[in-house]
There are 4 protein chains.
Amino acid sequence: MNGAQGRPLRADAARNRARLLDVATEVFTARGVGTPTEEIARAAGVGVGTLFRHFPTKEALLEAVMVRRLEAIAARTAELTIDTEPATAFFDAFRLVIDQSAGKNEFTRALAAAGVDAHESLRESSTVIRTQLAELLAGAQRAGAVRPELGVPELMALLVGTTASMDQLGADPAARERIFDVVFDGLRPQ
Amino acid sequence: MNGAQGRPLRADAARNRARLLDVATEVFTARGVGTPTEEIARAAGVGVGTLFRHFPTKEALLEAVMVRRLEAIAARTAELTIDTEPATAFFDAFRLVIDQSAGKNEFTRALAAAGVDAHESLRESSTVIRTQLAELLAGAQRAGAVRPELGVPELMALLVGTTASMDQLGADPAARERIFDVVFDGLRPQ
Amino acid sequence: MNGAQGRPLRADAARNRARLLDVATEVFTARGVGTPTEEIARAAGVGVGTLFRHFPTKEALLEAVMVRRLEAIAARTAELTIDTEPATAFFDAFRLVIDQSAGKNEFTRALAAAGVDAHESLRESSTVIRTQLAELLAGAQRAGAVRPELGVPELMALLVGTTASMDQLGADPAARERIFDVVFDGLRPQ
Amino acid sequence: MNGAQGRPLRADAARNRARLLDVATEVFTARGVGTPTEEIARAAGVGVGTLFRHFPTKEALLEAVMVRRLEAIAARTAELTIDTEPATAFFDAFRLVIDQSAGKNEFTRALAAAGVDAHESLRESSTVIRTQLAELLAGAQRAGAVRPELGVPELMALLVGTTASMDQLGADPAARERIFDVVFDGLRPQ
DNA sequence: CATGAATGAGTATTCATTCAT
DNA sequence: GATGAATGAATACTCATTCAT
């Protein structure tokens, strides 16, 4: 997808760009967005110059990482939306976002904030997701599977919050499932 | 609690220390923990030297701020524990933690992380809260007001997560209440 | 002089500031304004941090250097203006500016440009000089010692140009005097 | 002149070289010699690689630009030297150099410095001009149109200085003429 | 030959921490 | 004790130059 790519990158350049994105995702997640650019470049096996050639700013790199993540989520959410029963689709999508965001709290917050103050590219991809979520939410509500009084802002907030809960909890799958139980049961009309 | 203070501080020194803590709480909350120490010193009306005399490290200052916050929460939670009906006490305490932590997500995460990797003083005060929460949780579960399968880790995770949801949501009180509805209903035995 | 000095600097701070200005003047002159700040700090015997504490920007340092230079010229020009015969005062001042500016072409150009686009402090001090030169020029013209059709812009241009000539020429005193002969004779009504 | 070119350039290579020189002249003049090489390459419609193939160093490019400028001046000065009355030839050449150098002070200084420390190619072309100017000066002095005590160094200095004056003055043609009046009258025997 | 991606040394600036006043 | 000046390691970003495609 990748937005408006001026000219197609040369093979090696594309490889470097992809590698930088992968590494940056990993490093930002593991050690925080404060990690020096040089570290990321080194981890990607390129010089700083290369990093800055592909992403003119550290912020731009962070943005690109988030856009990729958002686009991945949007793509998988789109699959769910098609021929799945509305309630199932909604809860599956909720899980999907949480799982994709796990360990990436800083990103998720940026994600949510995107609707308010982020740059164009981010806003663009987050708008897509926001729209998808709005549809899923409406569908689930029409099907009587989700409290009717909830709006998209509350849904976003719960997504962010649940992600934070999961990050806090660590890897224990049973405990994670108990969190999902609480949130999902709470989402249903009482 | 203040730990083991060798000799009691002179009056002005004590005043400076308190003022620094107040200001640091405010500034770290409003502008993030990245705010330069000099800014905090200036806002407190003292020189950096004084700041570093009271808190040998920026991290130590941050820690002290969090300890104070934890102690305040513990104190108010203790009040709730005494002669209140268990279920009410539990949900009131939950709200209390959320309200005290609102807008201080960075702190809350540090708080929660405390059980794992923070310094002694932090662990100490967070242990107090953890114990209180454990008691409140057990009480509410005995009273049949909270799902019995939940443990303290899940409770902590939900506290952190709900704080994140609230931060994300902003000030709208009705929406905040809807989040509480979801979480509290989800906490109840189904 | 020195503009609005908030509080008087501590003795050592003042010494450092002065030393930095001296060294910067020398180094910028000898090796150009492209010289790294770190070099200047080292030459002044202080750390970079100190340099940036006194001058928040490299540009600010350059500006301060120029202001000092301008103020010195203004002060000495003021002495000349008092009880000296107009024609003599004018030509002495001309020499003075040239001598003060020798080897500092980059500065002189900045000086002249100040009237157009420099920062407040620079504009301020250059306005003083400009005014003094205007008076000196008018006096010399009234005394019939300088071509009446010349204005301050032309005078400024000639000052800059003569400085450039001198820089180009090097130290040979006799040759320098020949340049002065050409310019001064050319300035006189023909 | 182009120096000793091993093999004649292919047509397109020659075109690129010429285009790079044109563009570099323009860009260095308009935005200073600090302009990145990449900018120049882009403006010339070639890649950086091509630029560096033709000029192994940025400095070499700058040098080539100056050589071309010098050669142009030399050529036009040569025309003047032939069948023109000596005094007229001298003053016309003076004007010519000034007009060609206008707005290119950085170059002119480099030009003048060439006699002292520049590379061979520059020295070569500046020697030509220097010789021409020496002849023109001698002719004008023999004709009694210029002060006899002036030498070529002073003439060079005055050329550089007058260029600086003009740069400083800007476009006002009347004011420029007044500067010429001062310098030319000053050059004449008094 | 041309291209433009990669390189990495170099530069201005910030900020936690120390120490002379 | 308090002050704030000094320190210098750390960091984002630039740009001349090289080299794989």
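The sequence lines fix the lettering, A, B, ..., with proteins before strands; numbering per chain opens at 1.
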Return the value, rounded to whole Å, for the distance between atom [atom1] of [X] and atom [atom2] of [N].
X       : N      : atom1 : atom2 : result
C:Arg17 : F:dA6  : CZ    : C1'   : 16 Å
B:Phe52 : F:dA6  : CZ    : C1'   : 14 Å
C:Arg31 : E:dT11 : CZ    : C1'   : 14 Å
C:Ile40 : E:dA12 : CD1   : C1'   : 12 Å
C:Arg53 : F:dG8  : CZ    : P     : 15 Å
A:Glu38 : E:dT11 : CD    : C1'   : 13 Å
B:Arg42 : E:dA16 : CZ    : P     : 12 Å
B:Leu51 : E:dC19 : CG    : C1'   : 16 Å

Inset, instruction - Among the candidates F:dA6, E:dC15, E:dT13, find the nucleotide nearest to the side-chain atoms of C:Ala13. - result: F:dA6
Legend entry - Among F:dA2, E:dG8, F:dA5, the nucleotide that comes nearest once only the side chain of B:Asn16 is considered: F:dA2
Legend entry - Given DNA chain E, 5'-ward residue of the pair C:Val48 and B:Gly49, judged by closest heavy atom: C:Val48
Legend entry - 5' priority, DNA chain E, between C:Pro56 and C:Asp12 [closest heavy atom]: C:Pro56
State whether [X] places a side-chain N or O below 4.0 Å from either non-bridging phosphate oxygen (OP1 or OP2) of [N].
X       : N      : value
B:His54 : F:dG1  : no
C:Thr37 : E:dA12 : yes
C:Thr50 : F:dA5  : no

Legend entry - N-O pairing of A:Arg53 and D:Glu38 below 4.0 Å: yes
Counting C-beta onward and ignoring hydrogens, is there a side-chain heavy-atom pair between [X] and [Y] closer than 4.5 Å?
X       : Y       : result
D:Asp12 : D:Arg15 : yes
B:Thr37 : B:Phe55 : no
D:Arg68 : D:Thr25 : yes

Legend entry - Residue whose nearest DNA chain F nucleotide is more 5′ - A:Thr35 or D:Lys58: A:Thr35
Inset, instruction - Between C:Val46 and D:Thr57, name the one whose nearest nucleotide on DNA chain F is closer to the 5' end. - result: C:Val46
Legend entry - Main-chain N/O of C:Val46 paired with C:Arg19 side-chain donor or acceptor, under 3.5 Å: no
Inset, instruction - Could you tell me which residues satisfy side chain to side chain donor-acceptor pair (under 3.5 Å) with D:Glu26, sequence neighbours excluded, listed by chain and number? - result: none
Inset, instruction - Take atom CD of B:Glu59 as the centre, draw a 6.0 Å sphere, and report whether it contains more than 12 heavy atoms from other residues, nucleotides or ligands. - result: no
Inset, instruction - Extract the stems that DNA chain F is part of, considering only consecutive pairing runs of at least three Watson-Crick or G-U wobble pairs, both distances under 3.5 Å. - result: E:2-21 with F:2-21
